[in-house]
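Every number for a ligand or one of its atoms is a count from 1 in the order of the listing. Quick note: numbers below take in every heavy atom, side chains included, and nothing from hydrogens, waters or symmetry partners.
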Amino acid sequence: MIADGKVVTLHYTLKNDGGEVLDESTKEHPFAYIHGSGQIVPGLESALSGAKTGDKKDVTVTAEEGYGEINPELEFKVERSNFPADKELEEGMQFTAEMKDGRQHPFTIVKLEGDDVHINGNHPLAGETLHFAVEVGPIRDATDEEKSHGHVHGEGGVQH
Ligand code: ZN
């Protein structure tokens, strides 16, 4: 049964409100995560607690329980001079910047306009209601090494 500290393998399809497929696992590449560690969105994690191998679930997750609402404060423009002069900038390029609280936060360059660089630090799926169709695969205990690394090793996880 899915509980905190278990390694869970999932097959899933993620669609938005319009029915467009945003993300999916494949037979060759199932997705594995450690339950209760915040590796998947909170709304899906809580819906999967107690599920068993073979269970199929359709889970709708609000933006709030998913990737968050769109935060307008994370969309702004900065001057080109904030970036290294020798770095070529392109729309769609991602980088991390240090926030006021010292955390590193990912941003995407959305538009280049003269000396202005428009950037957006919202998750690409922020503001979206998420529709997951999930099938639960094998469930096992996390190893001590996986617990200390904070991620799954082997199939569906990190290979190292
Ligand atoms: Zn590791």
Side-chain angles (χ1 to χ4, degrees), residues 1-16 20-71 73-75 82-84 87-110 119-160:
M1 204 169 79
I2 296 180
D4 288 357
K6 297 282 188 184
V7 169
V8 181
T9 302
L10 291 181
H11 300 281
Y12 71 94
T13 303
L14 168 59
K15 293 180 182 174
N16 63 13
E20 184 188 348
V21 174
L22 302 173
D23 191 17
E24 62 186 330
S25 62
T26 61
K27 271 212 162 49
E28 300 76 45
H29 300 283
F31 171 76
Y33 75 100
I34 302 174
H35 194 76
S37 63
Q39 289 173 8
I40 61 174
V41 295
L44 181 60
E45 191 159 62
S46 60
L48 286 172
S49 284
K52 300 184 297 294
T53 299
D55 282 0
K56 291 183 182 179
K57 279 175 173 279
D58 290 315
V59 182
T60 298
V61 176
T62 61
E64 198 184 356
E65 288 283 288
Y67 291 101
E69 300 289 354
I70 291 171
N71 179 358
E73 286 180 18
L74 289 175
E75 297 177 36
N82 285 287
F83 296 86
K87 176 117 184 139
E88 198 167 327
L89 303 184
E90 281 174 38
E91 290 174 11
M93 188 179 275
Q94 293 185 316
F95 63 96
T96 58
E98 194 172 302
M99 306 296 277
K100 285 190 197 105
D101 62 7
R103 278 184 313 135
Q104 293 289 319
H105 189 89
F107 282 88
T108 302
I109 295 176
V110 290
I119 63 174
N120 188 345
N122 286 294
H123 189 279
L125 296 178
E128 296 263 19
T129 301
L130 308 171
H131 301 271
F132 289 96
V134 176
E135 182 176 348
V136 180
I139 302 167
R140 63 172 170 83
D141 291 321
T143 64
D144 288 341
E145 195 182 42
E146 286 172 327
K147 284 179 193 160
S148 76
H149 286 202
H151 55 229
V152 175
H153 291 159
E155 190 176 40
V158 177
Q159 319 278 346
H160 71 142

Environment of the Zn ion (ligand 1) in terms of protein N/O/S atoms, cut-off under 2.8 Å: H149 ND1, H151 NE2, H153 NE2, H160 NE2
Salt bridge (charged side-chain N to carboxylate O under 4.0 Å, His left out) contacts touching residues 138-150 (sequence neighbours left out): K6-D141, R140-E146
Those residues that, when tested against H160, pass ring pair (Phe, Tyr, Trp, His ring centres under 6.0 Å) (two or more places apart): H149, H151, H153
Residues, nucleotides or ligands: over 12 heavy atoms within 6.0 Å of Q39 CD: yes
Salt bridge (charged side-chain N to carboxylate O under 4.0 Å, His left out) pairs, two or more places apart, involving residues 26-54: none
Worked verdict on Y67 versus N122 for side chain to side chain donor-acceptor pair (under 3.5 Å): CA-CA 9 Å; Y67 291 101; N122 286 294; over 6 Å; no
Test log, rule side chain to side chain contact (heavy atoms under 4.5 Å, CB included), inputs V61 and T129: CA-CA 6 Å; V61 176; T129 301; over 6 Å; no
